[in-house]
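Numbered from 1 within each chain, the chains take letters A, B, ... in sequence-line order.
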There are 2 protein chains.
Amino acid sequence: MAVDRDQVLRSAAALLTRKSTATMDEVAKAAGISRATLHRQFAGRDALVRALEALGIAECEAALDAARLDEGPARDAVRRLVRELEPAAALLAFLYTENQLFEGEEQNAGWTRIDERIAGLFRRGQRTGEFRIDLTPPWLTEALFGLLASGAWAVSEGRVARNDFTHMIVELLLGGALRREES
Amino acid sequence: MAVDRDQVLRSAAALLTRKSTATMDEVAKAAGISRATLHRQFAGRDALVRALEALGIAECEAALDAARLDEGPARDAVRRLVRELEPAAALLAFLYTENQLFEGEEQNAGWTRIDERIAGLFRRGQRTGEFRIDLTPPWLTEALFGLLASGAWAVSEGRVARNDFTHMIVELLLGGALRREES
DNA sequence: CCTGAATGAGACATGCGTGTCTCACGTGGT
DNA sequence: ACCACGTGAGACACGCATGTCTCATTCAGG
């Protein structure tokens, strides 16, 4: 009776994040439904990944909105953004590596908009003099996603405590590894 | 005749870095040999990936040696390390994502040693007071590989100029995005 | 010139994931 | 109680990459 599509999507995301080559049968079992029903919800593996991508984009944009990127100091906006993005980090890490496979096809327009909003935040920080100008906004955006993925993986491997996730990423991204003389 | 095994490995690395799902047949064609010969050199796809992993480990350790990690200020050692690692970045990016698949099996001991050497460098920097102590060496190591992979991908996508590769990674890793008042 | 080793081309069987279909079962609504 | 709908289970064929094998060809060395 009306399988909870969103619930299926969540469990699929949780499984594929750990094992990106999981079979449709494994995905179905993980969701507690049969392969037939899974296939009734998502036409095929490709459709499933696309749905996951749409979910990732939606969560990203929700985080972007919740972080109020254009309010206050840019550095604080970055902190809020990473904090909001944390719950979606594992899914984003999966999609980040999965995207390498879509080499031929053009990527979903949603990512372009998200990249643009984040790059805009970094540009704002550069304009106000908060951020250095020798690191380009596109690179900072790329690095943010890369660190998000690394962080998610490090947490799942037990190399970083889950509670430190946001702190590790934000501090490295903003402050770097060097000690600062001034505060 | 005696097919140049190392040459085959290099071209396989170059191809798989761009298209991680490439067929054995595609790998063979890229190397300019037949699938039969490729299979005579590497028992199967698994053996090929393992060989690639061994190559990546070897290049990493060579870079580690060339960077002389225990000489001079730790920050300079990090700069040398990234510079030495740059040629191998694409291969490492491939292996970095491929490693997610080896979930069940234990990872190659070579990576453990490499991780340990790099983490040791960060620990040394913390001891000398160069690096902040709230970012753990394992996380900095993980972040270094993550940024290396992000950088390699950004370059191949044209989002970052190839010449800026080392600078972008080193500066972000060491200094972060914030402008520093003092030099 | 001859022999042998290595290579390329292709055929062939196999395993695996996938997509599709059918049918029986259980549940909810009428 | 009856009917309809969604579901689970399984069978089936297909596509595709893989692994293995054979055979002709080519090139190097004796």
5' to 3', nucleotides 14-19 of chain C under a 4.0 Å protein heavy-atom cut-off (B base, S sugar-phosphate only, - none) gives ---SBB

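Applying the salt bridge (charged side-chain N to carboxylate O under 4.0 Å, His left out) test to B:Arg127 and every residue at least two apart in sequence or in another chain returns nothing. Residues forming a salt bridge (charged side-chain N to carboxylate O under 4.0 Å, His left out) with A:Glu26 (at least two apart in sequence, or on another chain): none. Shown here are the salt bridge (charged side-chain N to carboxylate O under 4.0 Å, His left out) partners of B:Asp65, two or more places apart in sequence or in another chain: B:Arg117. For B:Ser11, the side chain to side chain contact (heavy atoms under 4.5 Å, CB included) partners at least two apart in sequence or on another chain are B:Ala31. Not counting sequence neighbours, A:Arg124 has no partner by the salt bridge (charged side-chain N to carboxylate O under 4.0 Å, His left out) test.
Per the geometry, CG belonging to B:Asp4 stands 15 Å off C1' belonging to C:dT7, to the nearest Å. We find that CD of B:Gln41 is positioned 10 Å from C1' of C:dA6, with the value rounded to whole Å. The NZ atom of B:Lys29 sits 11 Å away from the C1' atom of C:dG8 (whole-angstrom rounding). Residue B:Phe42 contributes atom CZ, which lies 12 Å from atom P of C:dT7 at whole-angstrom precision.
Judged as a salt bridge (Lys or Arg N to Asp or Glu O under 4.0 Å), not a single pair has a partner in residues 82-95 of chain A (not counting sequence neighbours). Sorted by first then second residue, the ring-ring contact (aromatic ring centres under 6.0 Å, His included) pairs that include residues 65-97 of chain A, not counting sequence neighbours, are A:Tyr96-B:Trp153.
Applying the 4.0 Å criterion to OP1 and OP2 of D:dT7, one finds that A:Ser34 has every side-chain N and O outside that range.
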Each nucleotide N or O in nucleotides 21-25 of chain D that has a protein N or O under 3.5 Å away: list the pair and distance.
none

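Taking the charged nitrogens against the carboxylate oxygens, A:Arg10 and A:Glu59 do have a contact shorter than 4.0 Å, which makes a salt bridge.
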